[in-house]
**Student:** 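Below is the structure I would like to discuss, written out as structure tokens.
Values below: all heavy atoms of this structure, side chains included; hydrogens, waters and symmetry mates excluded. First the proteins, then the strands, lettered A, B, ... as listed; each starts at 1.
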Amino acid sequence: MLEARFVNQRTTHRVRVLAAAAAGVMLALMVRGAINPQTPALPVQSDSSQKTAISGDAWYDSSDASLIVGDSFFVVVGEVQRAIRVDGDRTVYEVRVTEELKGATPDAILVSQIGYREGENTWELEGYPLMQPGSSYIMSLTAPAEHEAQDALVLLSGQGLGNKVQVSGPEDPLVTWYETQIRRARSPYSKGASSFGERIRDGRRWQNAHPGYRTSEPPEPKQ
Amino acid sequence: MRALVLSFVVAFVMCSSMASAHLTGYPNSVDSSTSPAQIRYSTNSKYTAAVNNAVDRWNAESRVEIKPDAWNTVKDLEISDTNSSENLAGKFIWNPGADNIWLNTRYLDASDWEYEHRAKTALHEVGHSLDFDHNDLDWPTSIMKTGKRFQDYLGSHDKSDDDSRWN
């Protein structure tokens, strides 16, 4: 009897120790959720395909819409019609322009976005999912570099409200907000930066080769 | 009673240290089947100094060994250059075979970019291959914050993330 009671006491003690450890784990996880909000969640998968990541180092704050529009030649509200091809790690879409916010474009344009699908797998820039046919977005666009495909404008990569913001259409309040960002557009470049010169040359080459477009050049760097 | 409190505290501390690391949650380049874990890489990037600095700095810190690919090893990572109009200084792309790091010459060659800016980009991209995600910590705490930054060494947070993940 005494022995049985001793075994029971030891068992009870072990259970209590394990319960305390489990409580510590749970509390740590709760604290993590409270103090580490910047840790990104895995993307919500809209289909069953495996999503893998492209991680990019944007060289300026790509969540700042005034910098993104300051780096672009065109800002449009466009409805994605369909994806037509993959160029390297980018997907090219047909887009119907429903409103021009900066620069002027034809009604139908091609836009290339970083990321692509291959079989069951999807590669996306983290925090920047691939555009969906049928949806409308505010897009900040630049001209391709000399060796890149010359029929598609390049969608600059932004985070949050930085770029490729999904909207209901031209009447969406975000469009009005974006118009104010365009008025406040700032250059992300340093004064005299050669990369700014390359950006301007790409735009002028595009302008010369594509009638029907009117580029609105990025503002001159000030600093 | 002391055992209960100690169990709780130990479990809490262990979970907290693991949970605070900024991990991508996506596949990475590390081959964990070897001991120690490795990344075998090849490079044809012209930014030799920046790439070598990134390899050396992460090797000095991490239990993961980053070594050149050899005839008898399987390549995990390839580092190359590109010239792209996208606003990315560099990018890491996971692939079923060898992963890719692309360094964008448009910016890394730019007149206002110095060696330390290029070094930071290389450190940052190799950090992604080691499973580290972006954060919002300011210079010089971490090179995993995006942006053009003058830093050719790992920050204190990079080291602590590596400790949590690989050590």
**Student:** Salt bridge (Lys or Arg N to Asp or Glu O under 4.0 Å): which pairs involve residues 33-48 of chain B, sequence neighbours left out?
**Tutor:** B:Lys46-B:Asp109
**Student:** Using a 4.5 angstrom heavy-atom cutoff, name the option from A:Thr142, A:Ile68, A:Asp71, A:Asp202 with the most pairs to chain B.
**Tutor:**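 Going by pairs under 4.5 Å, I would pick A:Asp202.
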**Student:** Against chain A, work out which of B:Gly147, B:Ala89, B:Pro96 has the most heavy-atom pairs shorter than 4.5 Å and name it.
**Tutor:** B:Gly147
**Student:** Under a 4.0 Å N-O cut-off, is there an ion pair linking A:Asp61 with B:Lys148?
**Tutor:** no
**Student:** With sequence neighbours excluded, tell me which residues meet side-chain contact (heavy atoms from CB on, under 4.5 Å) with A:Ser194.
**Tutor:**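 Once residues adjacent in sequence are excluded, the partners of A:Ser194 under the side-chain contact (heavy atoms from CB on, under 4.5 Å) criterion are B:Ala110, B:Ser111.
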**Student:** Rounded to the nearest 0.5 Å, what separation is found between the CG atom of A:Asp89 and the OG atom of B:Ser84?
**Tutor:** 8.0 Å
**Student:** If you compare all heavy atoms of B:Arg106 against all heavy atoms of A:Ala145, which two are closest, and at what distance to 0.1 Å?
**Tutor:** NH2-CB, 3.5 Å
**Student:** Could you walk me through whether A:Lys191 and B:Asp112 pass salt bridge (Lys or Arg N to Asp or Glu O under 4.0 Å), step by step?
**Tutor:** CA-CA 9 Å; A:Lys191 200 163 178 60; B:Asp112 57 335; over 6 Å; no
**Student:** Please flag which part of A:Ser157 lies under 4.5 Å from any non-hydrogen atom of chain B: side chain, backbone, both or neither.
**Tutor:** both
**Student:** Can you name the closest pair of heavy atoms from A:Pro144 and B:Ser85 and give their distance?
**Tutor:**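 Distance-wise, the nearest heavy atoms are CA-OG, 3.6 Å.
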**Student:** Tell me, yes or no, whether the heavy-atom count around A:Arg85 atom CZ, taken from other residues, nucleotides or ligands under 6.0 Å, exceeds 12.
**Tutor:** yes
**Student:** Side chain from CB out, backbone as N, CA, C, O: work out which of these in A:Arg199 comes under 4.5 Å of a heavy atom of chain B, or both, or neither.
**Tutor:** both
**Student:** Strictly less than 4.5 Å between heavy atoms, which residues of residues 148-156 of chain A line up against chain B? Please order them by number.
**Tutor:**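 Hits under 4.5 Å: A:Glu148, A:Val154, A:Leu156.
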**Student:** To the nearest 0.5 Å, tell me how far B:Ile93 CD1 sits from A:Ile114 CD1.
**Tutor:** 6.0 Å
**Student:** Hey, what's the ring geometry for B:Trp113 with A:Trp59, parallel, tilted or perpendicular (30° and 60° as the breaks)?
**Tutor:** perpendicular
**Student:** For the side chain of A:Trp123 and the backbone of B:Trp94, is there at least one donor-acceptor N/O pair under 3.5 Å apart?
**Tutor:** yes
**Student:** Between atom CE of B:Met144 and atom CG of A:Asp57, what is the distance when rounded to the nearest 0.5 Å?
**Tutor:** 8.0 Å
**Student:** Heavy-atom distance under 4.5 Å between the side chains of A:Glu126 and B:His128, does that happen here?
**Tutor:**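 Touching, per the 4.5 Å side-chain cut-off.
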**Student:** Please answer whether the main-chain N or O of A:Tyr60 pairs with a side-chain N or O of B:Asn87 as donor and acceptor at a distance below 3.5 Å.
**Tutor:** no
**Student:** With a strict 4.5 Å heavy-atom criterion, list every residue of residues 115-122 of chain B that contacts chain A, or say none.
**Tutor:** B:Lys120, B:Thr121
**Student:** Taking everything shown except A:Trp177 itself, do over 12 heavy atoms lie less than 6.0 Å from its CH2?
**Tutor:** yes
**Student:** Supply the atom-to-atom distance B:Lys91 NZ to A:Ser55 OG, rounded to the nearest 0.5 angstrom.
**Tutor:** 12.0 Å
